[in-house]
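Note sheet for the following structure.
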Amino acid sequence: MLSFNVQIDENVSAKVGAVRDGIANGTHRKVIAAAAADVVQEHFVGLGRDRHRGGTFNFYGRAARATTSGVQGKSAYVSIDQEGIALRRFGGTVRPRSSKYLTIPAIDAAQGKRAREFADLHFRKNRRDGGRLCDTAGRVFFWLVKQSTHQPDPSVLPTDGEIQSAATEAMADWVELTEDRANG
C-alpha cells in the first residue's frame, strides 16, 4: 500500500474560489458574448474595407456599429441590428412593398438615400423590366427593378471556429485575470 500527504496552497484555493464565484454569477457569459461580438465587429470592418468603394455609405461599417452582445438567462448572445444582414447571409428575393419598383443606387451620391430625396430625377423606362431614374443631364442615379434575388453569402459572418476560438481565448484571459486578482 502506498500512502502520501498532499499539501494545498491557500493561494490555489483562493484562485479556484474566485473563478468558481465568477462562473456562479455569470461573468463568464458576459466575457464570451463580448469576445464573440468583437470578432463579428472586426469581421464587418474588414468586409467594409474590402468590399466598399470608399463612398459615404458603408453597409458593413454600419453593421459593425450595430453589433451588440449580452446575456439572457444562461445564454450569451450577439445581436446585429442592421437591416439586410440576414438577406446577405441567407439569401432571398426582395420585392417592393408599397411601390412598383425597387430602387438600386447607381452612384455613390444615391447610396443610403431614397429616390424621393432627390427633386430633379426623371423616370426612363427600359425595354425589359423596370427602368432608371436620371437627373436632367441624363446621369443615372437609380436602377429600377421589379425584384432582386440574392444568393446566400456565408462569408458575411465569421466562421463558428473563429467565434469559438475568440471565446476560448477570452475565457482563458478572464480566468488568468480573475486568479491574479484573487492573489492580491
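Note that the structure is predicted; figures quoted are calculated from it, not measured.
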Could you go through Arg114 and Thr103, starting from their C-alpha distance and side-chain angles, then the distance that decides it, and tell me whether this counts as side chain to side chain contact (heavy atoms under 4.5 Å, CB included)?
CA-CA 8 Å; Arg114 299 175 187 273; Thr103 55; over 6 Å; no
Evaluate side chain to side chain contact (heavy atoms under 4.5 Å, CB included) for Ile107 paired with Phe141, printing each intermediate quantity in order.
CA-CA 6 Å; Ile107 61 173; Phe141 274 64; 3.8 Å; yes
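Taking the side chain as every heavy atom from C-beta outward, Phe118 and Leu133 never approach each other to under 4.5 Å. Two residues are said to be in side-chain contact when any heavy atoms from C-beta on lie closer than 4.5 Å; Phe59 and Leu47 fail this criterion. The shortest distance between side-chain heavy atoms of Phe142 and Phe123 does not fall below 4.5 Å. Proximity of Gln147 to Val94: side-chain heavy atoms (C-beta onward) are nowhere separated by under 4.5 Å. Inter-residue side-chain proximity for Arg139 and Cys134 is flagged as unmet; no heavy-atom pair is nearer than 4.5 Å. No side-chain heavy atom of Leu102 sits less than 4.5 Å from a side-chain heavy atom of Trp143. The shortest side-chain heavy-atom distance between Thr178 and His28 does not fall under the 4.5 Å cut-off. Using a 4.5 Å heavy-atom cutoff, the side chains of Lys74 and Arg29 are in contact.
Atom CZ of residue Arg89 and atom CD1 of residue Ile85 lie 11.0 Å apart, to the nearest 0.5 angstrom. Residue Arg88 holds its CZ atom at 8.0 Å from CD of Gln82, rounded to the nearest 0.5 Å. Here the CZ-CG distance, from Arg132 to Leu121, works out to 12.5 Å after rounding to the nearest 0.5 Å.
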Pairs under 3.5 angstrom only: tabulate donor-acceptor contacts from the side chains of residues 32-46 to other protein residues two or more places apart or in another chain.
{"residue": "Gln41", "atom": "NE2", "partner": "Ala64", "partner atom": "O", "Å": "3.2"}
{"residue": "Gln41", "atom": "NE2", "partner": "Thr67", "partner atom": "O", "Å": "3.2"}
{"residue": "His43", "atom": "NE2", "partner": "Ser155", "partner atom": "O", "Å": "2.7"}

Exercise answer: donor-acceptor pairs, residues 158-171 side-chain atoms, under 3.5 Å, sequence neighbours excluded:
{"residue": "Thr159", "atom": "OG1", "partner": "Glu162", "partner atom": "N", "Å": "3.1"}
{"residue": "Thr159", "atom": "OG1", "partner": "Glu162", "partner atom": "OE1", "Å": "3.4"}
{"residue": "Glu162", "atom": "OE1", "partner": "Thr159", "partner atom": "N", "Å": "2.8"}
{"residue": "Thr168", "atom": "OG1", "partner": "Gln164", "partner atom": "O", "Å": "2.9"}

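Counting non-hydrogen atoms of neighbouring residues, nucleotides and ligands closer than 6.0 angstrom, the CG atom of Asp81 reaches no more than 12 such neighbours. The neighbour count for Glu117 CD, taken as heavy atoms of other residues, nucleotides or ligands under 6.0 Å away, is above 12.
Legend: ring pair (Phe, Tyr, Trp, His ring centres under 6.0 Å) pairs involving residues 60-83, not counting sequence neighbours, sorted by first then second residue: His52-Tyr60.
Val19 and Val31 fall within the same hydrophobic cluster, defined by Ile, Leu, Val, Met, Phe, Trp and Tyr side-chain heavy atoms under 4.5 Å apart, directly or through other members. Note: the hydrophobic cluster containing Val16 does not contain Leu177 (ILVMFWY, side chain heavy atoms under 4.5 Å, direct or indirect links).
In this structure, Asp108 does not pair ionically with Lys113, as no charged nitrogen and carboxylate oxygen lie closer than 4.0 Å.
In terms of heavy-atom proximity, Gly48 sits nearest to Asn58 at CA-OD1, 3.7 Å. When every heavy atom of Ile80 is checked against every heavy atom of Leu157, the shortest pair comes out as CD1-CD2, 3.8 Å.
Side-chain atoms of Thr27 never come within 3.5 Å of backbone atoms of Ile23 as a donor-acceptor pair (strictly under, hydrogens ignored).
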